[in-house]
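In the text below, chain A, chain B and the rest are named by the order of the sequence lines, each starting its count at 1.
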Amino acid sequence: MTTDTATAARTDGTALHLPVTAWFEGNARDLPWRRPEAGAWGVMVSEFMLQQTPVSRVLPMYEQWLARWPRPADLAAEPSGEAVRAWGRLGYPRRALRLHAAASAITERHGGEVPSDHAELLALPGVGEYTAAAVASFAYGQRHTVLDTNVRRVFARAVSGVQYPPNATTAAERRLARRLLPDDEATAARWAAATMELGALVCVARGPECGRCPIAERCAWRLAGFPEHDGPPRRGQSYAGTDRQVRGKLLAVLRESHEPVTQATLDAVWDEPVQRARALDGLVADGLVEPVAQGVYRLPLE
DNA sequence: AAGACGTGGAC
DNA sequence: TGTCCAAGTCT
C-alpha cells in the first residue's frame, strides 16, 4: 500500500463536504460564467479562456466574446482568424483556434448545442479531461471529478499532507478525487466548484490563508507542520528569448493589421533570422497564420 | 511522457 | 530583475 493510499484511507471524505460547500455558499465570487444566463456555451468559453490564465485577465475578454458570439454557431460562422484576433493578448492563441473549431463541431455535430455528454465533450478540439468534466459539472450539474490545479493543491495539502501536488496528474490523485466525490449528483457538482474556489481564494500556491480555511483543523499538511515541498523541482517556464516570445511578437503584428502583412514588417519584430523564420513556420504549421503569397501573411480566413 | 505553447501580475 | 504562478491540451 502506498503512502498516498494509506493517507487517503484514513481520511473521511464526507467530513469535508459540509464545511467546504458551506464555505462556498458564503464566499463564492459572482463570476459571469456562474450566472444562469451564461449557459453551457458561456461556461465552455470561460473554461477555454481560463486554461493557464488568471480570472482577472479573462473577465473583460469573456464579456466581449459572449456579446459578439452568443452562440456556438455565431463563432463558427466567422473565419478562425477573427477568433485569433479577438483573443488579443490572453496568451496561448491556439486556444482561440481550438475554441473556433469546437464551435464548428458543435454546430455541425450537435445541432448548435454544447453537448452534455462527457465523452462527446472530450472529443471536441481543445477539450481535455479537465474541461470536459468542468463543463459537464458546472453547466449541466453532473457528477464528475474535476481535477484542476486548485483542486489538486487542496487535496495534496488537506488529505495527502504535502505542500504541492506532483507535476503531472497521477492515478493516485484521480483515485483520491473519485473517493472524495460526494455520491449525490448536485452535491458533487457543488463540491467541484467549492474545492476549486477554495484553492483559488484561500489555499493558494504561495501564502495560503489557513485562518480563513473551513477545513484547517483537519488539514494534513497543517497538522504535519507545513513541511516544505521536497520532490523534483516544479518546472519553471522560461520565456525571454524563446520561440514562444518570437511567435507572440509576430502574431501581435498580424492581429493588429486588417491587411496582409509583408515579410519586411514581420522581420522588424526580431533580429535573429533563423529563429524568426522558425517561429513563423511554426505559426503557419499551427494554422494561426496563413501565407497569402510569397512573403505575405495574414490571420487565417478559414 | 517530457516539452512546447503566451502573457502579465506579484513579490 | 528574475522567478513563480495562473480553471490545461496536445504531441
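- Under 4.0 angstrom from either OP1 or OP2 of C:dG8 there lies at least one side-chain N or O belonging to A:Q52.
- Note on A:R34 versus A:E197: salt bridge recorded, some NZ/NE/NH1/NH2 to OD/OE distance being below 4.0 Å.
- Between A:D286 atom CG and C:dT9 atom C1' there is a gap of 13 Å when expressed in whole angstrom units.
- The nearest whole Å value for the distance from the CZ atom in A:F155 to the C1' atom in C:dA7 is 14 Å.
- Ion pairing of A:R85 with A:E256 is absent here, as no side-chain N (NZ or NE/NH1/NH2) approaches a carboxylate O to less than 4.0 Å.
- Which of B:dG6, C:dT9, C:dA6 sits closest to the side chain of A:A205 comes down to C:dA6.
- Note on A:W87: nothing from the nucleic acid sits closer than 4.0 angstrom, heavy atoms only.
- Within the nucleic acid shown, A:T149 comes within 4.0 Å of sugar-phosphate atoms alone, with no base atom in reach, counting heavy atoms only.
- Exactly one of A:L147, A:T149, A:V151 qualifies for a side-chain contact (heavy atoms from CB on, under 4.5 Å) with A:M196. That residue is A:V151.
- Residue contacts for A:L90: at a heavy-atom cut-off of 4.0 Å it reaches a base atom on one of the strands shown.
- Note on A:A134: nothing from the nucleic acid sits closer than 4.0 angstrom, heavy atoms only.
- Across all strands, A:G128 comes closer than 4.0 Å only to sugar-phosphate atoms, never to a base (heavy-atom distances).
- Residue A:T131 places at least one side-chain N or O under 4.0 Å from the OP1 or OP2 atom of C:dT9.
- A:V146 comes within contact range of no nucleotide atom at all, as no heavy-atom separation falls under 4.0 Å.
- Contacts of A:T242 with the nucleic acid, taken as non-hydrogen atoms under 4.0 Å apart, are absent.
- No contact: A:F138 has no heavy atom under 4.0 Å from any strand.
- Using a 4.0 Å heavy-atom cutoff across all strands shown, A:L97 reaches no nucleic acid atom at all.
- The two atoms that bring A:A205 and A:Y164 nearest to each other are O-OH, 3.1 Å, heavy atoms only.
- Residues A:D30 and A:R35 are paired through a salt bridge, judged by an N-O separation under 4.0 Å between the basic side chain and the carboxylate.
- No salt bridge links A:E272 with A:R278; every basic N to acidic carboxylate O contact stays at or beyond 4.0 Å.
- With sequence neighbours excluded, the residues that form a salt bridge (charged side-chain N to carboxylate O under 4.0 Å, His left out) with A:D267 are A:R276.
- Within 4.0 Å of A:R29, counting heavy atoms only, lies at least one base atom of the nucleic acid.
- Note on A:Y92: every side-chain N or O is 4.0 Å or more away from OP1 and OP2 of C:dC10.
- Put simply, the side chain of A:R57 and the base of B:dG8 share no donor and acceptor less than 3.5 Å apart.
- Within the nucleic acid shown, A:R94 comes within 4.0 Å of at least one base atom, counting heavy atoms only.
- A donor and an acceptor atom sit less than 3.5 Å apart, one in the side chain of A:T53 and one in the base of B:dG6.
- In this structure, of C:dA7, C:dC5, B:dC5, it is B:dC5 that holds the atom nearest to the side chain of A:D243.
- Side-chain proximity of A:R255 to C:dA6, B:dT7, C:dT9: nearest is B:dT7.
- Checked for salt-bridge contact, A:D74 and A:R71 meet the test: a charged N lies under 4.0 Å from a carboxylate O.
- To the nearest whole angstrom, the two C1' atoms, one in C:dA6 and one in B:dA1, are 23 Å apart.
- Remark: the separation of the P atoms in C:dA7 and B:dA10 is 15 Å, to the nearest Å.
- Of the listed nucleotides (C:dC4, B:dT7, C:dC10), C:dC4 has the atom at the smallest distance from the side chain of A:R206.
- Using a 4.0 Å cut-off on heavy atoms, none of the residues of residues 39-50 of chain A approach DNA chain B.
- Atom CD in A:E228 sits roughly 14 Å away from atom C1' in C:dC4 (whole-Å rounding).
- We find that CG of A:L121 is positioned 17 Å from P of C:dG8, with the value rounded to whole Å.
- For A:R244, the listed nucleotide lying nearest its side chain is B:dG6; candidates were B:dG6, C:dA7, B:dT7.
- With hydrogens and angles disregarded, a donor-acceptor distance shorter than 3.5 Å links the side chain of A:R153 to the backbone of A:C203.
- Comment: A:R143 does not engage A:E185 in a salt bridge, judged by the lack of any side-chain N to carboxylate O separation of less than 4.0 angstrom.
- A:Q245 comes within contact range of no nucleotide atom at all, as no heavy-atom separation falls under 4.0 Å.
- Checked against B:dC5, C:dC10, C:dA7, the side chain of A:M196 finds its nearest nucleotide in C:dA7.
- Residue contacts for A:R153: at a heavy-atom cut-off of 4.0 Å it reaches the sugar-phosphate backbone alone, with no base atom in range.
- Here the separation of C:dC5 from B:dG6, taken at their C1' atoms, is 14 Å to the nearest Å.
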